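Throughout, a chain's letter reflects where its sequence line sits, starting with A, and its residues are numbered from 1. Here the structure is a predicted model, which means the values were calculated and not measured. No hydrogens, no waters, no symmetry mates; every other heavy atom, side chains included, goes into these values.
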Amino acid sequence: MDYHFKDLESKWQKIWAEDKLYRAVPDKARPKYYVLEMFPYPSGRIHMGHVRNYTIGDVVARYKILQGFQVLHPMGFDAFGQPAENAAIKHKSDPETWTLKCIDWMKQELLRMGFSYDWDREISTCLAEYYRWNQWIFLKMLERGLAYKKASSVNWCPSCETTLANEEVVDGGCWRCHTPVVEKELEQWYLKITAYSDCLLDDLGGLENWPERVIAMQKNWIGKSFGVEIFFKLEKGDILRVFTTRPDTIFGATYVVLAPEHPLVKKLISGKPQEQEVLRFIDRVAKETKLARVAEDVKKEGCFTGAYAVNPVNGEKIPVWVADYVLMEYGTGAIMAVPTHDQRDFLFAKEHGLPMRVVIQPKDQPLVVETMQEAFETEGVMVNSGVFDGQDSSGAKKKISLWMEDKMMGKIAVHWRLRDWLISRQRYWGTPIPVVYCASCGVVGVPEKDLPVVLPKNVTFTGEGGSPLAKVKEFVETKCPKCGKPARRETDTMATFIDSSWYFLRFCSPQCATAPFDKEEAAYWMPVDQYIGGIEHAVLHLLYSRFYTKFLADLGLVAVREPFQRLLTQGMVLKEGEVMSKSRGNIVDPDEIIKNYGADTLRLFILFAAPPEAELDWNDKGMDGAWRFLNRVWRLADGLGTAAGGSRMSSQGLDAVVKKMHQTIKKVTSDMEGGFKFNTAISSIMELVNELYKLTEDEQRSSVAAQAVRVLVVLLAPFVPHICEEMWRMLGNKTSVFKASWPSFDPSLLVEEEATYVVQVNGKVRSRLLLSVDAGEEEVKQAALADPKVREWTAAKAVHKVIVVPKKLVSIVAS
RNA sequence: GCCGGGAUGAUGAAAUUGGCAAACAUAACGGACUUAAAAUCCGUCGGCCGCAAGGCCUUGAGGGUUCAAGUCCCUCUCCCGGCACCA
């Protein structure tokens, strides 16, 4: 009987679904395992990246099922977002119809891959039953001051016509369409993620099973720096606060610089001869795009304000400048400039003829201001620094900070790069922000009992910009929940990253109608034991989810403070070293491959070709190889496997098969436990198959061979479930292979009686010896020295040293 | 500049964490079966020298530690990714 993947795969997909084989059922008496892959945006078609992502998760889920865990492996759709809105404008339809159709197509494709999802738990974030809980969580944040509205300079994508969070700006452009982002002054809603800066950073330390680079990226993004805020007295009694991480250089500050946007600038220059010049400068800087302003080769520009500040440590009066190299968003928007020990200050001082003073001397060659070519930024001995002269600069940092604090000259401070999360979007296809504006009561949150604030359906899309909801009169006009007077609804919607920030909790109890999720269910299933997805979410989604989990934990709704125990970031699928994309025209369509080879072959190729974290170059020949292997296994099951209960014979070949079988169980198990090394797990299964092919026809009819095939089928089942299910039944089993249990190996069968010792003379392999494993060190040593080949190489030499590594190797040093 | 990850046959990749480098597969070549092809099965397959036995060399480059280094340490080159006028 040939391997007809087509009938076989659809047959089992249907039966598995009917039998609800993958239903997740909590059972406190048994260990749980929650495996989750990042859910897709329903674009309508799955691509190879999805296939790889979901195949990895599926193998994990099936392996854990076979290990006897209660497995939760859900799937859903991240269904809000701009593409649906754009498609609606283009096709003159509405985003909901379009999205639901896409979900349907995509689900059919996922079903054809045979993934082990509990489809009863499917969620779509665009449904009111889901997004009402976005609103609910938002209101909880509003109550606690963690959601707030403020006017500020924001990132604006001119093409998407909406604001963007800092995390959504990639290389100065929009993360979705790459259009350069511009700044705009707007009043917008924010979530106070910075309230969690400290634990978002500290808890990274506990994420031992996260990739190093994701941790590093999040650390970078949060950007904690320790330093001092120093108080400089200005004229008219104003105090200028300046942040520095180098308090050890304070005695070398020869001027201070404010960002052009700094609130004190206008006051400082008022009435000064420099006033007009400074105003012109500020105006010019304001017109520059952020990208141009931070461009690397641009010369730093600035001008003198005419004002002076007093350095608190030495009473020195130093000039106050305004310059474009100081950013309002970071620190206090003002710096002290130490040209001798900061390269940017150095260049600026040279350009504008500002004074310089050395306060840190390197240990070898003393610095002279006049001959310095660049700033000296490393540590050394402090000079010109009053009572700190002669001290080591790195050691003095802390002392000088405490001293300044003590003398009220400044205070020890920590600054962060992380900004609050801007969540307002001027788009339609998202969660309405549940807020009402009342002339007498102000900003009023929609009461919980009035949720959800439903997204209206009768909206026309003009593509002209501005929040589409603002044009829907019936939506905008409402009554104030507090006083009952006419009021106006917020017409912006929430950023779609909100939807994915807690969906993993919703999967624990997707039908829960009284809360975002059932506390008990979440207590059982959380945290996600294994999360799998692309590296592109290293900061965005993964940071937001960590924030949400911490907030929900503070509400007492969930016990864990970190959502994802282990994280696997799968590599990209490439074609000839390039990303698959429509514009390159190099897309390999999963549906085509499934049609020609079947889902199992596709899965096997993807799993075997590279470890899951590594990039995977698509290779048609590799597909053929996977296909050949499955056929090879099929013939094995079809031929010798069916001889169950066959003759009880023993032979060398069968002994080898038994040994190999136990080795394979051990290897596959340890590859799965030690980080999902699917490629090597599969290669060891291939070795077992090769061993079975070496048997004679008689040997193949033996019960030993049949047993080996049974084990083989179970070991292979997580990787290629359909063919294994079929083979399992061919072997006479009446229930699913996934009801079987993972085989265990007998360590005693793996113990060798003899070991091959490699014998090295002066580091080179010269001979091999087959010796009993019980041989003592001295015995091994003598045997090695007596070996004729060894004697050839040691003749006329004195043996100085002999090292014996039990069961492995003898190393002889002779000269 | 700072941080993180890499570099191994013609190719994708292995290497029990310091103990026989190249498992498994792909491509290529050879053989068996066949009238022939496909499929299948078996074999060869890092480089150089050699008829062979065997020897020498080989994990981006150079140095070091060690009986022993792809693996540890130092210096350097190149590639990928993140952050960055961050004070």
Side-chain angles (χ1 to χ4, degrees), chain A residues 170-171 211-225 227-228 230 242-246 249 256-257 259 293-296 298-300 323-327 329-338 341-345 347-348 377 415-417 535-536 538-539 569 604-605 608-611 613-626 628-629 631-632 635 666-667 670-671 674 677 679-687 689-690 693-694 756-768 789 800-814:
Chain A
V170 179
D171 291 330
E212 214 41 61
R213 60 174 173 160
V214 176
I215 306 247
M217 281 158 83
Q218 293 216 357
K219 267 188 193 157
N220 264 340
W221 191 261
I222 297 167
K224 184 180 196 179
S225 48
V228 185
I230 303 173
V242 150
F243 179 67
T244 183
T245 53
R246 292 292 305 273
T249 64
V256 293
V257 190
R293 189 167 156 188
V294 301
E296 223 167 275
V298 172
K299 210 195 289 176
K300 329 275 176 237
D324 60 358
Y325 78 98
V326 176
L327 306 174
E329 308 92 84
Y330 188 76
T332 60
I335 61 156
M336 64 173 201
V338 186
H341 305 294
D342 181 283
Q343 185 61 17
R344 289 156 306 173
D345 297 343
L347 293 172
F348 192 81
E377 294 183 320
H415 280 263
W416 304 84
R417 217 192 71 92
I535 186 73
E536 65 274 16
V539 178
T569 50
L604 185 71
F605 164 67
F608 179 62
E613 300 85 359
E615 284 179 343
L616 166 67
D617 212 6
W618 184 266
N619 179 345
D620 292 327
K621 295 287 183 206
M623 277 299 301
D624 290 336
R628 272 200 294 270
F629 174 70
N631 278 282
R632 214 166 133 82
R635 285 193 298 273
K666 185 182 179 191
K667 173 71 175 155
S670 72
D671 277 349
K677 297 179 199 153
N679 54 333
T680 50
I682 291 167
S683 75
S684 72
I685 295 173
M686 286 174 170
E687 286 180 53
V689 171
N690 290 344
Y693 264 81
K694 285 184 197 159
T756 305
Y757 280 82
V758 170
V759 186
Q760 297 181 339
V761 179
N762 290 335
K764 292 214 155 72
V765 179
R766 297 303 181 189
S767 185
R768 276 159 233 274
K789 281 191 215 130
H800 301 294
K801 203 170 174 185
V802 180
I803 292 140
V804 176
V805 180
K807 291 187 247 177
K808 271 198 182 132
L809 163 145
V810 182
S811 184
I812 298 165
V813 189

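Among the heavy atoms of the strands lying under 4.0 Å from A:G625 are primed sugar atoms or P, OP1, OP2 only; no base atom is included. Within 4.0 Å (heavy atoms only), A:N679 reaches sugar-phosphate atoms of the nucleic acid but no base atom. Using a 4.0 Å heavy-atom criterion, one finds that A:K677 contacts no nucleic acid atom at all. As judged by a 4.0 angstrom heavy-atom cut-off over every strand, A:N690 is placed among residues touching the sugar-phosphate backbone only. Residue contacts shown for A:P611 are limited to sugar-phosphate atoms, with no base heavy atom under 4.0 Å away. Using a 4.0 Å heavy-atom criterion, one finds that A:V326 contacts the bases of the nucleic acid, with or without backbone contacts as well.
Taking atom C1' on both nucleotides, B:rC20 is separated from B:rG70 by 14 Å, rounded to a whole Å. Rounded to a whole angstrom, the distance from the P atom of B:rC57 to that of B:rA69 is 12 Å. Remark: the separation of the P atoms in B:rA13 and B:rG6 is 14 Å, to the nearest Å. If you take atom C1' in B:rA22 and the same atom in B:rA10, they sit 14 Å apart, rounded to whole Å. Distance noted for atom P between B:rU8 and B:rC79: 15 Å (whole Å). Taking atom C1' in both B:rC2 and B:rC85, the straight-line distance is 14 Å, to the nearest Å. One P atom belongs to B:rU58, the other to B:rU40, and the distance between them is 40 Å to the nearest Å. Look at the C1' atom in both B:rA38 and B:rC24: the space between them is 26 Å, to the nearest Å.
Look at B:rU26: its Watson-Crick or wobble partner, with both distances under 3.5 angstrom, is B:rA10. Nucleotide B:rU17 is matched to nothing when pairs are restricted to Watson-Crick or G-U wobble geometry with both distances under 3.5 angstrom. With both pairing distances under 3.5 Å, B:rG81 is matched to B:rC3 as a Watson-Crick or G-U wobble pair. Of the nucleotides present, none pairs with B:rU65 by Watson-Crick or G-U wobble criteria with both distances under 3.5 Å. The partner of B:rC41 is B:rG31, judged by Watson-Crick or G-U wobble contacts that both fall below 3.5 Å.
Atom pair A:Q218:CD and B:rC83:P shows a separation of 12 Å (rounding to whole Å applied). For A:K807 and B:rU16, the NZ to P distance is 18 Å, given to the nearest whole Å. In this structure, CH2 of A:W618 is placed 14 Å from C1' of B:rU26, rounded to the nearest angstrom. At whole-Å resolution of the value, CD in A:Q343 and P in B:rC86 are 11 Å apart. What separates NZ of A:K224 from C1' of B:rC83 is a distance of 18 Å, to the nearest Å. Distance, A:H341 NE2 to B:rA87 C1': 15 Å, rounded to whole Å. Between the P atom of B:rA39 and the CZ atom of A:F629 lies a distance of 19 Å, rounded to the nearest Å. Distance A:Y330 OH to B:rC83 P: 16 Å, rounded to the nearest Å.
Base orientation of B:rG9: syn (glycosidic angle within 90° of 0). Nucleotide B:rU17 carries a syn base; the chi torsion (O4'-C1'-N9-C4 or O4'-C1'-N1-C2) is within 90° of 0.
An OP1 or OP2 oxygen of B:rA84 is reached within less than 4.0 angstrom by no side-chain nitrogen or oxygen of A:R344. A sub-4.0 Å separation between OP1 or OP2 of B:rU40 and a side-chain N or O of A:N631 is absent. Contact annotation: A:R632 does not reach the phosphate of B:rA39 (side-chain N/O to OP1 or OP2, under 4.0 Å). Contact between the side-chain N/O atoms of A:K764 and the OP1/OP2 oxygens of B:rC57 is found at a separation under 4.0 Å. When the side-chain nitrogen and oxygen atoms of A:R766 are compared with OP1 and OP2 of B:rC20, none of them lie within a distance under 4.0 Å.
Comparing B:rA25, B:rC20, B:rG19 against the side chain of A:M686 picks out B:rA25 as the nearest. Distance from the side chain of A:Y693 is smallest to B:rC42 among B:rC42, B:rG82, B:rA87.
In this structure a side-chain-to-backbone donor-acceptor pair under 3.5 Å is missing from A:R632 to A:M686. In this structure, A:Q760 contributes its side chain and A:L809 its backbone to no donor-acceptor pair below 3.5 Å. Without hydrogens or angle criteria, A:D324 side chain to A:K300 main chain gives no donor-acceptor distance under 3.5 Å. Here the side chain of A:Q218 pairs a donor or acceptor atom with the backbone of A:A538 at under 3.5 angstrom.
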| Which nucleotides of nucleotides 65-73 of chain B have their base under 4.0 Å from a protein heavy atom (B), which only their sugar-phosphate (S), and which neither (-), written as one string 5' to 3'? | --B------
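Listed by chain and number, the residues in a salt bridge (Lys or Arg N to Asp or Glu O under 4.0 Å) with A:K694 are A:E691 (sequence neighbours excluded). Residues passing the salt bridge (Lys or Arg N to Asp or Glu O under 4.0 Å) test with A:K219, sequence neighbours excluded: none. Applying the salt bridge (Lys or Arg N to Asp or Glu O under 4.0 Å) rule to A:K666 yields no partners; only residues at least two apart in sequence or on another chain are considered. For A:Y757, the ring pair (Phe, Tyr, Trp, His ring centres under 6.0 Å) criterion is met by no residue, not counting sequence neighbours.
Of the N and O atoms on the side chains of A:R417 and A:N220, not one donor lies less than 3.5 Å from an acceptor on the other residue.
Comparing A:R417 and A:V810, the nucleotide of RNA chain B nearest to each residue sits closer to the 5' end for A:V810. Looking at which nucleotide of RNA chain B each of A:K789 and A:K808 is closest to, the 5′-most match is held by A:K808.
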Pull out every protein N or O sitting under 3.5 Å from an N or O of nucleotides 3-12 of chain B, one pair per line with the distance.
residue : atom : partner : partner atom : Å
B:rG12  : O2'  : A:A609  : O            : 2.5

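Using bins of under 30°, 30° to 60° and over 60° for the plane-to-plane angle, the ring pair A:F243/A:Y330 lands in the perpendicular bin. Aromatic ring pairs are classed by plane angle as parallel below 30°, tilted from 30° to 60° and perpendicular above 60°; the pair A:Y325 and A:F348 is tilted.
A heavy-atom distance below 4.5 Å is not found between the side chains of A:K789 and A:V759.
A salt bridge does not link A:D624 to A:R628: none of the charged nitrogens lies less than 4.0 Å from a carboxylate oxygen.
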